[in-house]
**Student:** 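This structure is in C-alpha coordinates; I'll ask about it shortly.
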Amino acid sequence: MNIRVIPRLDIKGPNLVKGIHLEGFRVLGKPDRFARYYYENGADELFYMDAVASLYGRNSLVEIIRRTAHDVCIPLTVGGGLRSVDDIREVLRAGADKVAINTAAIARPELIREASRMFGSSTIVVSIEAIRHADGSYEAFTDCGRESTGVDALQWAMRAAELGAGELAVTSINREGTGKGFDLELTRRISESVSIPVIACGGAGCVADVGEVVLEGKADAVSIASCLHYDFIQSHEMIDDDFSAEGNTEFLRRGTSSSKISPSSLAAIKEHLSENGIACRMN
Amino acid sequence: MSDELKDAAKGATTGRGFTRNRMSETIRTPTVAIVDFGLGNLYSVLRACERVGLAARITSSHRDVLAADGVILPGVGAFGDAMENLRRLDLVGPLREIHARDTPLIGICLGLQLMMTGSSEFGDHQGLGMIDGPVVHFGRPAEKNSVLKVPQVGWNRVFRRACDEAAVDQLPAAADDPWHHTPLAGLADGRHMYFVHSYYVRPTDSSVVLSVTRYGDVEFCSAIRVGNTFAFQYHPERSGPDGLRVYRNIAGLIQHHAGVEEPRHAA
(Lines give C-alpha, C1' and ligand atoms only; values in the text may rest on other atoms or scores of the structure.)
Protein backbone atom coordinates (compact mmCIF):
# COMPACT_ATOMS: atom_id res chain seq x y z
CA MET A 1 0.00 0.00 0.00
CA ASN A 2 1.23 3.48 -0.81
CA ILE A 3 1.79 5.59 2.28
CA ARG A 4 -0.01 8.90 1.95
CA VAL A 5 1.70 12.18 2.79
CA ILE A 6 -0.90 14.74 3.84
CA PRO A 7 -0.06 18.40 4.44
CA ARG A 8 -2.07 19.68 7.37
CA LEU A 9 -3.24 23.28 7.29
CA ASP A 10 -4.51 24.76 10.56
CA ILE A 11 -6.83 27.65 9.79
CA LYS A 12 -7.72 30.58 12.01
CA GLY A 13 -10.07 33.07 10.40
CA PRO A 14 -8.66 33.76 6.93
CA ASN A 15 -5.12 32.63 7.79
CA LEU A 16 -2.94 29.56 7.84
CA VAL A 17 -1.54 29.32 11.36
CA LYS A 18 0.72 27.02 13.32
CA GLY A 19 0.87 26.50 17.04
CA ILE A 20 2.69 24.32 19.51
CA HIS A 21 0.68 21.71 21.45
CA LEU A 22 -2.35 23.05 19.48
CA GLU A 23 -1.94 26.49 21.14
CA GLY A 24 -0.24 29.84 20.59
CA PHE A 25 -1.00 30.16 16.91
CA ARG A 26 1.14 32.34 14.72
CA VAL A 27 0.16 33.42 11.26
CA LEU A 28 2.00 31.81 8.35
CA GLY A 29 0.07 33.30 5.42
CA LYS A 30 -2.96 32.67 3.27
CA PRO A 31 -3.87 28.97 3.00
CA ASP A 32 -4.78 29.06 -0.70
CA ARG A 33 -1.21 29.48 -1.96
CA PHE A 34 0.08 26.73 0.29
CA ALA A 35 -2.69 24.34 -0.75
CA ARG A 36 -2.15 24.96 -4.43
CA TYR A 37 1.61 24.48 -4.09
CA TYR A 38 1.25 21.23 -2.17
CA TYR A 39 -1.22 19.90 -4.73
CA GLU A 40 1.13 20.64 -7.60
CA ASN A 41 4.05 19.08 -5.76
CA GLY A 42 2.68 15.66 -4.97
CA ALA A 43 0.49 15.95 -1.87
CA ASP A 44 -1.70 12.85 -1.66
CA GLU A 45 -4.47 14.66 0.19
CA LEU A 46 -4.95 17.88 2.14
CA PHE A 47 -6.15 18.15 5.74
CA TYR A 48 -7.71 21.44 6.90
CA MET A 49 -8.37 22.01 10.56
CA ASP A 50 -10.29 25.02 11.81
CA ALA A 51 -8.08 25.71 14.79
CA VAL A 52 -10.56 27.73 16.80
CA ALA A 53 -13.98 26.62 15.57
CA SER A 54 -14.48 24.16 18.37
CA LEU A 55 -13.78 26.90 20.90
CA TYR A 56 -16.13 29.50 19.51
CA GLY A 57 -18.70 27.09 18.06
CA ARG A 58 -18.52 28.52 14.58
CA ASN A 59 -17.16 27.41 11.26
CA SER A 60 -15.14 29.94 9.29
CA LEU A 61 -13.74 27.43 6.84
CA VAL A 62 -16.46 27.24 4.24
CA GLU A 63 -15.14 30.00 1.98
CA ILE A 64 -11.60 28.63 2.11
CA ILE A 65 -12.87 25.12 1.33
CA ARG A 66 -14.83 26.41 -1.63
CA ARG A 67 -11.79 28.12 -3.13
CA THR A 68 -9.49 25.17 -2.49
CA ALA A 69 -11.92 22.62 -3.90
CA HIS A 70 -12.09 24.69 -7.07
CA ASP A 71 -8.29 24.65 -7.48
CA VAL A 72 -7.30 21.28 -6.18
CA CYS A 73 -8.60 17.82 -7.12
CA ILE A 74 -7.16 15.54 -4.51
CA PRO A 75 -9.08 14.48 -1.41
CA LEU A 76 -9.69 17.29 1.03
CA THR A 77 -10.46 16.48 4.67
CA VAL A 78 -11.92 19.22 6.84
CA GLY A 79 -12.28 19.29 10.60
CA GLY A 80 -12.91 21.70 13.44
CA GLY A 81 -16.21 22.56 15.06
CA LEU A 82 -18.40 20.10 13.14
CA ARG A 83 -21.16 19.20 15.58
CA SER A 84 -23.95 17.62 13.57
CA VAL A 85 -24.89 15.88 10.35
CA ASP A 86 -25.99 19.30 9.06
CA ASP A 87 -22.56 20.83 9.79
CA ILE A 88 -20.94 17.92 7.97
CA ARG A 89 -23.22 18.34 4.98
CA GLU A 90 -22.35 22.05 4.80
CA VAL A 91 -18.60 21.44 4.44
CA LEU A 92 -19.11 18.55 2.02
CA ARG A 93 -21.31 20.80 -0.08
CA ALA A 94 -18.58 23.44 -0.05
CA GLY A 95 -16.15 20.91 -1.50
CA ALA A 96 -14.66 18.76 1.26
CA ASP A 97 -14.35 15.05 0.46
CA LYS A 98 -14.11 13.91 4.07
CA VAL A 99 -14.70 15.40 7.48
CA ALA A 100 -12.81 14.94 10.73
CA ILE A 101 -14.80 14.95 13.96
CA ASN A 102 -13.56 14.86 17.53
CA THR A 103 -15.34 16.91 20.21
CA ALA A 104 -18.86 16.17 18.96
CA ALA A 105 -18.12 12.46 18.50
CA ILE A 106 -16.85 12.06 22.06
CA ALA A 107 -19.85 13.97 23.38
CA ARG A 108 -22.22 11.76 21.36
CA PRO A 109 -20.58 8.69 19.77
CA GLU A 110 -23.75 7.87 17.81
CA LEU A 111 -22.86 10.82 15.55
CA ILE A 112 -20.19 8.58 14.00
CA ARG A 113 -22.77 5.92 13.16
CA GLU A 114 -25.30 8.41 11.80
CA ALA A 115 -22.77 10.30 9.71
CA SER A 116 -21.10 7.20 8.30
CA ARG A 117 -24.48 5.77 7.41
CA MET A 118 -25.48 8.97 5.62
CA PHE A 119 -22.25 9.98 3.91
CA GLY A 120 -20.39 6.67 3.81
CA SER A 121 -17.76 5.44 6.25
CA SER A 122 -15.03 6.62 3.93
CA THR A 123 -16.20 10.21 4.40
CA ILE A 124 -15.90 10.12 8.20
CA VAL A 125 -12.50 10.53 9.83
CA VAL A 126 -12.47 10.44 13.62
CA SER A 127 -9.78 12.69 15.01
CA ILE A 128 -8.23 11.55 18.27
CA GLU A 129 -6.12 14.09 20.13
CA ALA A 130 -4.31 12.33 22.94
CA ILE A 131 -2.15 13.31 25.89
CA ARG A 132 0.25 10.80 27.38
CA HIS A 133 0.13 10.42 31.15
CA ALA A 134 3.05 9.54 33.38
CA ASP A 135 1.79 5.95 33.76
CA GLY A 136 2.01 5.45 29.98
CA SER A 137 -1.74 5.65 29.36
CA TYR A 138 -3.23 7.97 26.76
CA GLU A 139 -6.27 10.14 27.33
CA ALA A 140 -8.41 11.61 24.55
CA PHE A 141 -8.88 15.39 24.74
CA THR A 142 -11.38 17.60 22.96
CA ASP A 143 -11.66 21.26 21.92
CA CYS A 144 -8.18 21.44 20.40
CA GLY A 145 -6.51 19.75 23.32
CA ARG A 146 -8.09 21.96 25.99
CA GLU A 147 -10.67 19.68 27.58
CA SER A 148 -9.95 16.50 29.46
CA THR A 149 -12.51 13.73 28.87
CA GLY A 150 -11.34 10.84 30.99
CA VAL A 151 -11.71 8.65 27.89
CA ASP A 152 -8.87 6.21 27.17
CA ALA A 153 -7.59 6.97 23.68
CA LEU A 154 -7.06 3.33 22.68
CA GLN A 155 -10.49 2.23 23.85
CA TRP A 156 -11.99 5.19 22.04
CA ALA A 157 -10.12 4.35 18.83
CA MET A 158 -11.60 0.85 18.78
CA ARG A 159 -15.06 2.15 19.61
CA ALA A 160 -14.88 4.77 16.84
CA ALA A 161 -13.88 2.11 14.32
CA GLU A 162 -16.79 -0.11 15.41
CA LEU A 163 -19.21 2.79 15.05
CA GLY A 164 -18.25 3.22 11.40
CA ALA A 165 -15.31 5.62 11.19
CA GLY A 166 -13.48 5.22 7.88
CA GLU A 167 -10.13 6.41 9.19
CA LEU A 168 -8.57 7.68 12.40
CA ALA A 169 -6.38 10.78 12.58
CA VAL A 170 -4.25 10.35 15.70
CA THR A 171 -2.55 13.44 17.13
CA SER A 172 -0.13 13.43 20.02
CA ILE A 173 -0.75 16.73 21.79
CA ASN A 174 2.56 16.29 23.66
CA ARG A 175 4.44 16.26 20.38
CA GLU A 176 2.26 18.54 18.24
CA GLY A 177 4.22 21.48 16.84
CA THR A 178 7.40 20.55 18.72
CA GLY A 179 9.33 18.90 15.89
CA LYS A 180 10.44 16.15 18.30
CA GLY A 181 9.01 13.38 16.16
CA PHE A 182 5.71 11.50 16.29
CA ASP A 183 4.60 9.54 19.33
CA LEU A 184 5.45 6.14 17.89
CA GLU A 185 3.90 4.13 20.69
CA LEU A 186 0.56 5.92 20.51
CA THR A 187 0.41 5.53 16.75
CA ARG A 188 1.45 1.88 16.76
CA ARG A 189 -0.87 0.82 19.56
CA ILE A 190 -3.87 2.37 17.85
CA SER A 191 -2.91 1.20 14.36
CA GLU A 192 -2.53 -2.39 15.57
CA SER A 193 -5.88 -2.27 17.38
CA VAL A 194 -8.04 -1.29 14.41
CA SER A 195 -8.42 -2.51 10.84
CA ILE A 196 -9.06 0.96 9.40
CA PRO A 197 -6.25 3.28 8.26
CA VAL A 198 -4.51 5.48 10.80
CA ILE A 199 -3.16 8.93 9.91
CA ALA A 200 -0.29 9.93 12.22
CA CYS A 201 -0.39 13.62 13.17
CA GLY A 202 1.72 15.85 15.34
CA GLY A 203 5.44 16.06 15.83
CA ALA A 204 7.21 15.76 12.48
CA GLY A 205 10.44 17.76 12.66
CA CYS A 206 12.42 16.22 9.82
CA VAL A 207 12.12 13.64 7.05
CA ALA A 208 13.50 10.84 9.25
CA ASP A 209 10.53 11.23 11.64
CA VAL A 210 8.15 10.49 8.78
CA GLY A 211 9.86 7.22 7.85
CA GLU A 212 10.00 6.21 11.50
CA VAL A 213 6.29 6.63 12.16
CA VAL A 214 5.52 4.43 9.15
CA LEU A 215 8.02 1.68 9.96
CA GLU A 216 7.76 1.70 13.75
CA GLY A 217 4.47 3.47 14.31
CA LYS A 218 2.64 1.42 11.64
CA ALA A 219 0.98 4.56 10.30
CA ASP A 220 -0.92 4.26 7.02
CA ALA A 221 -0.68 7.95 6.30
CA VAL A 222 1.31 10.83 7.71
CA SER A 223 0.11 14.37 8.29
CA ILE A 224 2.77 17.08 8.30
CA ALA A 225 2.51 20.80 8.94
CA SER A 226 5.54 22.81 10.13
CA CYS A 227 8.22 21.07 8.01
CA LEU A 228 6.26 21.74 4.83
CA HIS A 229 5.02 25.22 5.74
CA TYR A 230 8.49 26.48 6.67
CA ASP A 231 9.89 25.02 3.46
CA PHE A 232 7.19 26.82 1.47
CA ILE A 233 7.88 30.09 3.28
CA GLN A 234 11.64 29.80 2.70
CA SER A 235 11.19 29.17 -0.99
CA HIS A 236 8.51 31.76 -1.71
CA GLU A 237 8.33 35.52 -1.48
CA MET A 238 5.58 36.48 0.93
CA ILE A 239 3.15 38.88 -0.63
CA ASP A 240 1.53 41.87 1.04
CA ASP A 241 -1.74 40.02 1.32
CA ASP A 242 -0.12 37.55 3.69
CA PHE A 243 0.41 40.29 6.27
CA SER A 244 -2.96 41.95 5.92
CA ALA A 245 -4.86 40.01 8.54
CA GLU A 246 -5.01 40.39 12.27
CA GLY A 247 -3.11 37.92 14.40
CA ASN A 248 0.45 37.22 15.38
CA THR A 249 2.42 37.99 12.22
CA GLU A 250 5.64 38.88 14.00
CA PHE A 251 7.14 35.53 13.10
CA LEU A 252 6.50 36.10 9.39
CA ARG A 253 8.07 39.55 9.45
CA ARG A 254 11.18 38.30 11.21
CA GLY A 255 11.43 35.41 8.80
CA THR A 256 12.84 32.95 11.30
CA SER A 257 11.73 29.42 11.91
CA SER A 258 11.75 27.14 14.89
CA SER A 259 15.16 25.59 15.46
CA LYS A 260 13.67 22.12 16.04
CA ILE A 261 12.00 22.01 12.64
CA SER A 262 14.00 21.14 9.53
CA PRO A 263 12.03 22.48 6.60
CA SER A 264 11.52 19.89 3.86
CA SER A 265 9.60 19.57 0.65
CA LEU A 266 7.09 16.87 -0.29
CA ALA A 267 9.57 15.59 -2.85
CA ALA A 268 12.31 15.25 -0.22
CA ILE A 269 9.96 13.45 2.16
CA LYS A 270 8.81 10.99 -0.50
CA GLU A 271 12.35 10.41 -1.65
CA HIS A 272 13.31 9.55 1.91
CA LEU A 273 10.37 7.14 2.25
CA SER A 274 11.26 5.51 -1.05
CA GLU A 275 14.91 5.07 -0.03
CA ASN A 276 13.71 3.29 3.09
CA GLY A 277 11.61 0.82 1.15
CA ILE A 278 8.30 2.54 1.88
CA ALA A 279 6.00 2.67 -1.14
CA CYS A 280 4.51 6.04 -1.94
CA ARG A 281 3.12 7.80 -4.98
CA MET A 282 5.87 9.78 -6.68
CA ASN A 283 4.78 12.77 -8.72
CA MET B 1 0.82 23.94 -13.31
CA SER B 2 0.83 20.87 -15.52
CA ASP B 3 -0.48 20.93 -19.08
CA GLU B 4 -3.32 18.69 -17.97
CA LEU B 5 -4.48 21.26 -15.48
CA LYS B 6 -4.16 24.13 -17.91
CA ASP B 7 -6.20 22.25 -20.49
CA ALA B 8 -8.82 21.35 -17.97
CA ALA B 9 -8.99 24.89 -16.65
CA LYS B 10 -9.32 26.24 -20.19
CA GLY B 11 -12.03 23.70 -20.94
CA ALA B 12 -13.92 24.78 -17.86
CA THR B 13 -13.73 28.51 -18.52
CA THR B 14 -14.43 28.54 -22.24
CA GLY B 15 -16.68 25.48 -22.30
CA ARG B 16 -15.57 23.54 -25.36
CA GLY B 17 -19.03 22.33 -26.33
CA PHE B 18 -20.50 25.79 -25.97
CA THR B 19 -17.99 27.40 -28.35
CA ARG B 20 -19.06 24.95 -31.00
CA ASN B 21 -22.65 25.80 -30.23
CA ARG B 22 -22.21 29.46 -30.98
CA MET B 23 -20.54 28.62 -34.26
CA SER B 24 -23.26 26.35 -35.50
CA GLU B 25 -26.40 27.53 -33.67
CA THR B 26 -28.21 24.23 -34.34
CA ILE B 27 -26.20 22.16 -31.90
CA ARG B 28 -27.43 21.98 -28.31
CA THR B 29 -25.43 21.64 -25.10
CA PRO B 30 -25.26 18.04 -23.89
CA THR B 31 -26.60 17.50 -20.39
CA VAL B 32 -25.22 15.23 -17.71
CA ALA B 33 -27.25 13.87 -14.82
CA ILE B 34 -25.35 13.04 -11.64
CA VAL B 35 -27.66 10.60 -9.90
CA ASP B 36 -28.37 11.56 -6.29
CA PHE B 37 -29.85 8.71 -4.29
CA GLY B 38 -29.23 10.32 -0.93
CA LEU B 39 -25.91 8.72 -0.04
CA GLY B 40 -22.46 10.12 -0.30
CA ASN B 41 -20.80 13.28 -1.43
CA LEU B 42 -21.55 14.24 -5.02
CA TYR B 43 -19.98 17.66 -5.09
CA SER B 44 -16.50 16.57 -6.14
CA VAL B 45 -18.07 14.79 -9.13
CA LEU B 46 -20.00 17.94 -10.00
CA ARG B 47 -16.85 20.07 -9.77
CA ALA B 48 -14.89 17.70 -12.01
CA CYS B 49 -17.68 17.89 -14.60
CA GLU B 50 -17.64 21.68 -14.46
CA ARG B 51 -13.88 21.75 -14.90
CA VAL B 52 -14.11 19.85 -18.19
CA GLY B 53 -16.98 21.96 -19.49
CA LEU B 54 -19.86 19.53 -18.93
CA ALA B 55 -23.24 20.99 -18.06
CA ALA B 56 -23.96 18.66 -15.16
CA ARG B 57 -26.63 18.70 -12.49
CA ILE B 58 -27.21 16.65 -9.40
CA THR B 59 -30.66 15.08 -9.59
CA SER B 60 -32.90 12.40 -8.11
CA SER B 61 -35.51 12.70 -10.87
CA HIS B 62 -35.96 9.74 -13.20
CA ARG B 63 -37.16 12.16 -15.86
CA ASP B 64 -33.83 14.06 -15.69
CA VAL B 65 -31.94 10.79 -15.87
CA LEU B 66 -33.85 9.55 -18.90
CA ALA B 67 -33.51 12.90 -20.70
CA ALA B 68 -29.76 13.30 -20.10
CA ASP B 69 -27.08 12.80 -22.75
CA GLY B 70 -24.88 11.16 -20.14
CA VAL B 71 -25.50 9.76 -16.69
CA ILE B 72 -23.04 9.49 -13.81
CA LEU B 73 -23.87 7.04 -11.01
CA PRO B 74 -21.53 7.90 -8.14
CA GLY B 75 -21.88 6.88 -4.56
CA VAL B 76 -20.30 5.82 -1.37
CA GLY B 77 -21.98 3.99 1.45
CA ALA B 78 -23.75 0.69 1.85
CA PHE B 79 -24.90 -1.36 -1.13
CA GLY B 80 -28.24 -2.36 0.40
CA ASP B 81 -29.17 1.21 1.36
CA ALA B 82 -28.21 2.41 -2.10
CA MET B 83 -30.40 -0.14 -3.90
CA GLU B 84 -33.28 0.58 -1.55
CA ASN B 85 -33.00 4.30 -2.28
CA LEU B 86 -32.75 3.73 -6.03
CA ARG B 87 -35.94 1.63 -5.88
CA ARG B 88 -37.74 4.19 -3.74
CA LEU B 89 -36.82 6.98 -6.16
CA ASP B 90 -37.96 4.83 -9.11
CA LEU B 91 -34.48 5.00 -10.64
CA VAL B 92 -33.77 1.28 -11.15
CA GLY B 93 -35.77 1.00 -14.39
CA PRO B 94 -34.44 4.27 -15.88
CA LEU B 95 -30.81 3.33 -15.15
CA ARG B 96 -31.30 -0.07 -16.80
CA GLU B 97 -32.88 1.70 -19.76
CA ILE B 98 -29.92 4.10 -20.06
CA HIS B 99 -27.58 1.10 -20.11
CA ALA B 100 -29.74 -0.87 -22.56
CA ARG B 101 -29.96 1.97 -25.09
CA ASP B 102 -26.21 2.62 -24.80
CA THR B 103 -26.39 6.21 -23.58
CA PRO B 104 -23.06 6.97 -21.88
CA LEU B 105 -23.35 5.73 -18.30
CA ILE B 106 -20.47 6.25 -15.88
CA GLY B 107 -20.27 4.44 -12.55
CA ILE B 108 -17.93 5.52 -9.79
CA CYS B 109 -16.99 3.50 -6.70
CA LEU B 110 -20.27 2.17 -5.28
CA GLY B 111 -21.77 3.10 -8.67
CA LEU B 112 -19.65 0.36 -10.26
CA GLN B 113 -20.64 -2.17 -7.61
CA LEU B 114 -24.35 -1.38 -8.02
CA MET B 115 -24.14 -2.36 -11.70
CA MET B 116 -23.30 -5.95 -10.75
CA THR B 117 -25.67 -8.85 -10.11
CA GLY B 118 -25.49 -8.47 -6.35
CA SER B 119 -23.50 -8.01 -3.18
CA SER B 120 -23.16 -9.78 0.13
CA GLU B 121 -22.45 -6.51 1.99
CA PHE B 122 -24.53 -6.54 5.24
CA GLY B 123 -26.68 -9.40 3.93
CA ASP B 124 -27.42 -10.40 0.36
CA HIS B 125 -28.64 -7.71 -1.98
CA GLN B 126 -29.60 -7.69 -5.61
CA GLY B 127 -27.87 -5.11 -7.79
CA LEU B 128 -28.88 -3.42 -11.03
CA GLY B 129 -27.80 -6.56 -12.88
CA MET B 130 -26.17 -4.86 -15.86
CA ILE B 131 -23.01 -6.94 -15.44
CA ASP B 132 -22.86 -10.57 -14.36
CA GLY B 133 -20.84 -11.23 -11.25
CA PRO B 134 -20.70 -10.63 -7.52
CA VAL B 135 -19.32 -7.87 -5.32
CA VAL B 136 -16.97 -9.35 -2.73
CA HIS B 137 -15.11 -8.17 0.37
CA PHE B 138 -11.32 -7.93 0.52
CA GLY B 139 -11.46 -10.14 3.58
CA ARG B 140 -10.77 -9.19 7.15
CA PRO B 141 -7.12 -8.45 7.71
CA ALA B 142 -5.15 -10.74 10.00
CA GLU B 143 -5.21 -9.64 13.61
CA LYS B 144 -1.66 -8.30 13.86
CA ASN B 145 1.03 -7.02 11.54
CA SER B 146 -1.28 -7.00 8.58
CA VAL B 147 -0.16 -4.84 5.69
CA LEU B 148 -3.63 -4.98 4.20
CA LYS B 149 -6.00 -2.55 5.86
CA VAL B 150 -9.63 -2.54 4.89
CA PRO B 151 -10.97 -0.26 3.54
CA GLN B 152 -8.24 0.39 1.03
CA VAL B 153 -7.79 4.17 1.29
CA GLY B 154 -5.30 5.88 -0.95
CA TRP B 155 -3.50 5.88 -4.27
CA ASN B 156 -2.96 2.70 -6.22
CA ARG B 157 -1.86 1.76 -9.72
CA VAL B 158 -4.22 1.04 -12.57
CA PHE B 159 -3.13 -1.37 -15.33
CA ARG B 160 -4.55 -2.49 -18.66
CA ARG B 161 -4.21 -6.27 -18.38
CA ALA B 162 -2.01 -7.38 -15.51
CA CYS B 163 -0.42 -5.59 -12.58
CA ASP B 164 3.07 -5.59 -14.01
CA GLU B 165 5.38 -3.17 -12.24
CA ALA B 166 7.78 -3.44 -15.18
CA ALA B 167 5.12 -2.04 -17.50
CA VAL B 168 4.69 1.15 -15.49
CA ASP B 169 4.51 4.30 -17.60
CA GLN B 170 4.27 2.42 -20.92
CA LEU B 171 1.70 3.73 -23.36
CA PRO B 172 0.86 1.27 -26.16
CA ALA B 173 0.16 2.42 -29.70
CA ALA B 174 -3.51 3.28 -30.19
CA ALA B 175 -4.17 0.24 -32.39
CA ASP B 176 -3.06 -2.14 -29.63
CA ASP B 177 -4.48 -0.16 -26.78
CA PRO B 178 -7.56 -1.55 -25.01
CA TRP B 179 -8.04 1.92 -23.54
CA HIS B 180 -8.26 3.59 -26.96
CA HIS B 181 -11.69 5.21 -27.28
CA THR B 182 -12.40 4.79 -23.59
CA PRO B 183 -12.23 7.32 -20.73
CA LEU B 184 -8.78 5.94 -19.86
CA ALA B 185 -7.32 6.81 -23.29
CA GLY B 186 -3.94 8.51 -23.12
CA LEU B 187 -3.05 7.21 -19.67
CA ALA B 188 0.17 5.24 -19.39
CA ASP B 189 0.04 1.86 -17.65
CA GLY B 190 0.37 1.89 -13.87
CA ARG B 191 -0.75 5.47 -13.20
CA HIS B 192 -2.11 6.15 -9.73
CA MET B 193 -5.76 6.71 -8.95
CA TYR B 194 -7.43 7.37 -5.60
CA PHE B 195 -9.34 4.43 -4.07
CA VAL B 196 -11.63 4.15 -1.06
CA HIS B 197 -13.37 0.78 -0.76
CA SER B 198 -13.74 -2.47 1.16
CA TYR B 199 -15.45 -4.44 -1.64
CA TYR B 200 -14.55 -5.08 -5.26
CA VAL B 201 -16.33 -6.51 -8.29
CA ARG B 202 -15.68 -9.92 -9.82
CA PRO B 203 -17.23 -9.96 -13.30
CA THR B 204 -18.03 -13.40 -14.75
CA ASP B 205 -17.05 -12.32 -18.26
CA SER B 206 -13.42 -11.18 -18.21
CA SER B 207 -13.85 -9.26 -21.49
CA VAL B 208 -15.68 -6.48 -19.60
CA VAL B 209 -12.60 -5.78 -17.45
CA LEU B 210 -11.16 -2.40 -18.43
CA SER B 211 -8.47 -2.06 -15.76
CA VAL B 212 -6.92 -4.12 -12.99
CA THR B 213 -5.26 -3.16 -9.71
CA ARG B 214 -3.42 -5.06 -7.00
CA TYR B 215 -4.07 -4.58 -3.29
CA GLY B 216 -2.01 -6.85 -1.06
CA ASP B 217 -2.35 -10.31 -2.59
CA VAL B 218 -5.56 -9.52 -4.42
CA GLU B 219 -5.55 -8.52 -8.08
CA PHE B 220 -8.99 -7.15 -8.78
CA CYS B 221 -11.04 -5.58 -11.55
CA SER B 222 -10.83 -1.81 -10.96
CA ALA B 223 -12.86 -0.71 -14.00
CA ILE B 224 -15.33 -2.25 -16.42
CA ARG B 225 -16.64 -1.49 -19.86
CA VAL B 226 -19.81 -2.69 -21.60
CA GLY B 227 -20.65 -0.62 -24.68
CA ASN B 228 -20.95 2.98 -23.52
CA THR B 229 -21.21 1.95 -19.88
CA PHE B 230 -17.92 2.58 -18.08
CA ALA B 231 -17.43 2.21 -14.37
CA PHE B 232 -14.49 2.73 -12.03
CA GLN B 233 -13.74 1.49 -8.54
CA TYR B 234 -11.50 4.53 -8.10
CA HIS B 235 -12.39 8.20 -7.92
CA PRO B 236 -11.09 10.06 -10.99
CA GLU B 237 -12.58 13.27 -9.53
CA ARG B 238 -10.08 13.04 -6.66
CA SER B 239 -7.14 11.75 -8.68
CA GLY B 240 -5.34 14.92 -9.69
CA PRO B 241 -4.36 15.64 -13.31
CA ASP B 242 -4.72 12.00 -14.45
CA GLY B 243 -8.22 11.93 -13.01
CA LEU B 244 -9.08 15.14 -14.83
CA ARG B 245 -7.93 13.51 -18.05
CA VAL B 246 -10.46 10.73 -17.42
CA TYR B 247 -13.18 13.37 -17.00
CA ARG B 248 -12.09 15.15 -20.18
CA ASN B 249 -12.38 11.84 -22.02
CA ILE B 250 -15.81 11.26 -20.47
CA ALA B 251 -16.83 14.73 -21.69
CA GLY B 252 -15.61 13.82 -25.15
CA LEU B 253 -17.54 10.56 -25.10
CA ILE B 254 -20.77 12.24 -24.03
CA GLN B 255 -20.39 15.11 -26.50
CA HIS B 256 -19.63 12.67 -29.30
CA HIS B 257 -22.58 10.48 -28.45
CA ALA B 258 -24.86 13.53 -28.33
CA GLY B 259 -23.58 14.53 -31.77
CA VAL B 260 -22.05 17.73 -30.43
CA GLU B 261 -18.37 17.22 -30.97
CA GLU B 262 -15.81 14.86 -32.45
CA PRO B 263 -14.45 12.34 -30.00
CA ARG B 264 -11.50 13.76 -28.13
CA HIS B 265 -10.52 10.73 -26.11
CA ALA B 266 -7.76 9.74 -28.49
CA ALA B 267 -5.93 12.90 -27.36
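Chain A is the first sequence line, chain B the second, and so forth, proteins listed ahead of strands; every chain is numbered from 1.
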**Student:** Tell me, do B:P241 and A:Y39 make a side-chain contact under 4.5 Å, heavy atoms counted?
**Tutor:**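 Counting from C-beta outward, B:P241 and A:Y39 do come under 4.5 Å.
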
**Student:** So which residue, A:S116, A:A94, A:S191, ends up with the most heavy-atom pairs under 4.5 Å with chain B?
**Tutor:**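 Heavy-atom pair counts peak at A:S191.
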
**Student:** So what's closer than 4.5 Å to chain B heavy atoms on A:A96: side chain, backbone, both or neither?
**Tutor:**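 For A:A96, backbone heavy atoms alone lie under 4.5 Å from chain B.
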
**Student:** What's the shortest heavy-atom distance between A:G166 and B:P151, and which atoms?
**Tutor:**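 That would be O-CG, 4.0 Å.
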
**Student:** So which atom in B:R51 and which in A:H70 form the shortest heavy-atom distance, rounded to 0.1 Å?
**Tutor:**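 Looking at all heavy atoms of both residues, the closest pair is NH1-O, 2.9 Å.
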
**Student:** Is the shortest side-chain heavy-atom distance between B:Y194 and A:R4 below 4.5 Å?
**Tutor:**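 They are in contact (side-chain heavy atoms under 4.5 Å apart), so the answer is yes.
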
**Student:** If every non-hydrogen atom of B:N156 is compared with every non-hydrogen atom of A:N2, which pair is closest and at what distance?
**Tutor:**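 Smallest heavy-atom distance, with atoms named: CA-ND2, 4.1 Å.
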
**Student:** Shortest non-hydrogen contact from B:K149 to A:I196?
**Tutor:**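 So the minimum-distance heavy-atom pair works out to NZ-O, 3.2 Å.
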
**Student:** I'd like to check B:P236 versus A:C73 (side-chain heavy atoms, cut-off strictly below 4.5 Å). Are they in contact?
**Tutor:**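 They are not in contact (no side-chain heavy atoms under 4.5 Å apart), so the answer is no.
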
**Student:** Sort A:S121 into side chain, backbone, both or neither according to what part of it lies under 4.5 angstrom from a heavy atom of chain B.
**Tutor:**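 Nothing of A:S121, per the 4.5 Å heavy-atom cut-off to chain B.
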
**Student:** Would you mind listing every side-chain hydrogen bond (donor to acceptor under 3.5 Å, both in side chains) that reaches into residues 153-165 of chain A, with sequence neighbours excluded?
**Tutor:**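 Counting only pairs at least two positions apart or across chains, no side-chain hydrogen bond (donor to acceptor under 3.5 Å, both in side chains) contact touches residues 153-165 of chain A.
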
**Student:** Go through B:W155 and A:I74 one step at a time and tell me if the side chain to side chain contact (heavy atoms under 4.5 Å, CB included) criterion holds.
**Tutor:** CA-CA 10 Å; B:W155 298 78; A:I74 50 175; 3.6 Å; yes

**Student:** Test: salt bridge (charged side-chain N to carboxylate O under 4.0 Å, His left out). Region: residues 73-88 of chain B. Which pairs qualify, not counting sequence neighbours?
**Tutor:**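 Residue pairs with at least one partner in residues 73-88 of chain B: A:R117-B:D81.
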
